[in-house]
S.K.: 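Below is a structure I'd like to ask you about.
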Amino acid sequence: MIIHAAHISKYFAVEGGMYKRRTGLVRALEDVSFSVRESSTLGIVGESGSGKTTLAKIVARLIAPSKGTVEFDLARINNFRKDVQIIFQNPYASLDPKMRIKEALYEPLLIHRLAAPRQLRDKALELLDIVEMGEDALVRFPAEFSGGQRQRICIARALATQPKCIILDEPLSSLDLTIQLKLLELLLRVKEKFRLTYLFISHNLSVIKYMADFVIVLQEGRIVEQGGMHELFSHPSHPYTASLLRSARR
Amino acid sequence: MLEISNLHVHFDLNGTIVKALCGVALGVGPKETLAVAGESGSGKTVTALSVTRLLPSSARVTSGEIYFNGDDLLLLGEGALRKVRGKEIAYIFQEPGTFLNPVYTVGNQIMEPLLLHQGLSRAEAFAEALKLLALVRIKQGRRVFFSYPHQLSGGMNQRIGIAMSLACRPRLLIADEPTTALDVTTETEILDLLCELKSNFGFSLLFITHNLSIARRIADRICVMHKGFVVEEADTERIFSSPQHFHTKELIRAYQAIGTL
Amino acid sequence: MAKSERAHTGMNKLLCTGIVIIGLLGALAILAPFISPYEPTLIDATSLLMPPSCAHPLGTDSLGRDLLSRIIYGARISLSIGIIAVGISLCIGVITGSIAGYFGGLADSVIMRSADIMLCFPTFFLILAVVAVLEPSIINIMVIIGLTSWMGIARLIRSEILSLKEREFIQAAKAIGASHMRIICRHLLPNALGPVFVNATLGIAGAILLESALSFLGLGVQPPVPSWGNILIESKATLGVAWWITLFPGLAIFVTILGFNFIAEGLRRQWDYNA
């Protein structure tokens, strides 16, 4: 097991009134525990408000849990920011609008000292090649690309640090179905080639079916069911899972 | 009912000409649902907006005809066109939060087409607006009437959009990706609502989408567009059973892999 | 629609006009030694209080010094004080605003409360008090103005950073392992600096006005070094007889402030369209 999450809870305080007193508590996540096997894809399913994005950010160590821990296999993941990467939902906000693509790709290489200054350009071209984009992309700004292309660039950036694990938080939401399929095919190829572990979050059950080996179903911050993808989809044991599958099949 | 033929539209962006539509031809019969499917940039939205000339000022229609009940809409003057917009042909758009004016209450906005096109008094318009809200299955119509768009959910706002578009009982409803910004359960509800309203009121529906699973559910015929061209048009079942064009097949492949369970 | 499209393409007219005005002023200031007809401190007892003529296009003052030369050299002083004072306040403002916005917590409270305290003082009187105690020199003035005008910039930067902090590309930078310094300098500031340019441009205009006022009161640049403000000191006594001593320095200040305001407004319009 490369990732082990134990009893994760996350609460957000609701501040109100003149003195910003705590008037309430939003329980985004409540006692969530799961494990991820190396080189597998864990799918996290839930509707909006289920806490999926909060969970993604906690695993990515962008926010801290209120309770519980996420442990990583230290033998495989020893430099967290290098070995674990995240790809966000909104391709229009994930790239710094003032940085050219080449700078965006050089940055992780420079931070982790993965290439000498002379080799930066070649490495960046390699990364663009993996995501099937040409070298003319280097000098451009994010605004010149479509949503699907920007996500490819984000994938290239994530691969720059040669990670072992990638967290994907609804990476396909605002894209056309045909582009979604192309990106998923790319993600599978990349996973195969670099033997990555994926944590794939989505509200779209067909996408989860396409990508995931194991699935967790979240409802209002709690896990209601988890298991292998095929068993869960053919014989769901929790009523919520069953209703999700029913509406998806209509 | 609606017959578009040989439509060419290009955009003039500071000297650069971008061809948006190259000879688009399609038709919607009375009480029929036509889905226009294609990727982003294929020209679906431009086609929809061209019907009542809602395009931005940089767009030029260079040739073609758009016949609606015998009249070529492209030849109508502004005044005549305004009478058609909202009354005969109505729209619903993708982002429910943006086509509703945030500074006016929802009720105010529903009443607007009623006061404008049907010349009702304020009291009559108020009653009619509440009826419309009930039609789109909004419970607590009075409370919603006096609310502002930002106080309501996306699904609710989209229903209001539908209510507004039906205010003058149009004969053609053009829906441009109305469910793309909504989550799956709400999407299902909105689509069901549209189908029910269509069978009750008998309007034709021109539905733009990039998602073939939606098209399959509600459309009688599907028209596939790619980069400004219509590449294939046929009955829904035929599109799925024997797609002819490469891009239709691409759309179907995506649909089968991740558009349906 | 059409008007906004025109403004969209390249620089708008306001911005151009402003840049031309300030550009000319800057040229005057830099080329002062070459284009000014006389030494600004040259006393000519034979030409006291002469009205504008061919020999002295803008007239002379009560010590016979050529007004045109004094105004050209005055441009040097005013512009350099304005630019350096704003430079100082930019440095302080950007650093404090970034720390306050990015780290929040105690640092934020301390910095913002300090800014609030400083904003409570009427700046002009604060400067007067300080300058009255220290000797009025050009450097002192630059530093004082700089130290008392960083607050607006700090607030601007802080609020821009607060809103940018939560955007995905900043989280992405954190995720690839960027240090705080890197995130602030490489990602946050380039995106946050937009409104600051407008503020800084207006700040230069304000600093020039401030310096003129101080010099007019005798607490700024000391004669014989010419500054538009201290040329105006004489205008009080000579208003009835020598209108040129009042008009031309005043005009110079007016045109300069106008130029900077045009640039600021032009920039603001530019950004509103491009943002």
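The figures here come from the full heavy-atom set of this structure, side chains too, leaving out hydrogens, waters and symmetry mates. Residue numbers start from 1 in every chain, and the chains themselves are labelled A, B, ... in the order their sequence lines are given, proteins ahead of strands. A quick note: this is a predicted structure, and the numbers were derived from the prediction, not measured.
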S.K.: What part of Leu184(A) gets within 4.5 angstrom of chain B, counting heavy atoms only: side chain, backbone, both, or neither?
M.R.: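 Just the side chain, heavy atoms under 4.5 Å.
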S.K.: Might you confirm whether atom CZ of Arg53(B) has over 12 heavy atoms from other residues, nucleotides or ligands at distances under 6.0 Å?
M.R.: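 Yes, enclosed.
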S.K.: Is atom NZ of Lys31(B) surrounded by more than 12 heavy atoms (other residues, nucleotides or ligands) closer than 6.0 Å?
M.R.: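 At most 12 heavy atoms, drawn from other residues, nucleotides or ligands, come within 6.0 Å of this atom.
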S.K.: For residues 235-244 of chain A, which residue pairs pass the side-chain hydrogen bond (donor to acceptor under 3.5 Å, both in side chains) check, not counting sequence neighbours?
M.R.: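 Sorted pair list: Glu47(A)-Tyr240(A), Glu225(A)-Ser237(A), Glu225(A)-Thr241(A).
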S.K.: Can you check whether anything in residues 196-223 of chain A gets within less than 4.5 Å of chain B, heavy-atom wise, and list it by number?
M.R.: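 Within residues 196-223 of chain A, the residues under 4.5 Å from chain B are His203(A), Asn204(A), Leu205(A), Ser206(A), Val207(A), Lys209(A), Tyr210(A).
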S.K.: For the OG1 atom of Thr180(B) and the CG atom of Leu175(A), what is their distance to the nearest 0.5 Å?
M.R.: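 Answer rounded to 0.5 Å: 12.0 Å.
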S.K.: Please list, in residue-number order, every residue in residues 233-258 of chain B that has a heavy atom less than 4.5 Å from any heavy atom of chain A; write 'none' if there are none.
M.R.: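 Near chain A, by residue number: Glu250(B), Leu251(B), Arg253(B), Ala254(B), Tyr255(B), Ala257(B), Ile258(B).
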S.K.: Anything under 3.5 Å between a donor and an acceptor, one on a side chain of residues 145-152 of chain B, the other on a protein residue two or more places apart or in another chain? List them.
M.R.:
unit_1    : atom_1 : unit_2    : atom_2 : d
Ser147(B) : OG     : Arg143(B) : O      : 2.8
Gln151(B) : OE1    : Tyr148(B) : N      : 2.8

S.K.: NZ of Lys191(A): more than 12 outside heavy atoms within 6.0 angstrom?
M.R.: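 Enclosed: over 12 neighbouring heavy atoms sit under 6.0 Å from NZ of Lys191(A).
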S.K.: Hey, what do you get for CZ (Arg246(A)) to OG1 (Thr188(B)), rounding to the nearest 0.5 Å?
M.R.: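 Rounded to the nearest 0.5 Å, the CZ-OG1 separation comes out at 12.5 Å.
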S.K.: Using modelled atom types only, decide if a donor and an acceptor are shared between the side chain of Asp176(A) and the backbone of Ser40(B) within a distance under 3.5 Å.
M.R.: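 Side chain of Asp176(A) to backbone of Ser40(B): a pair is present.
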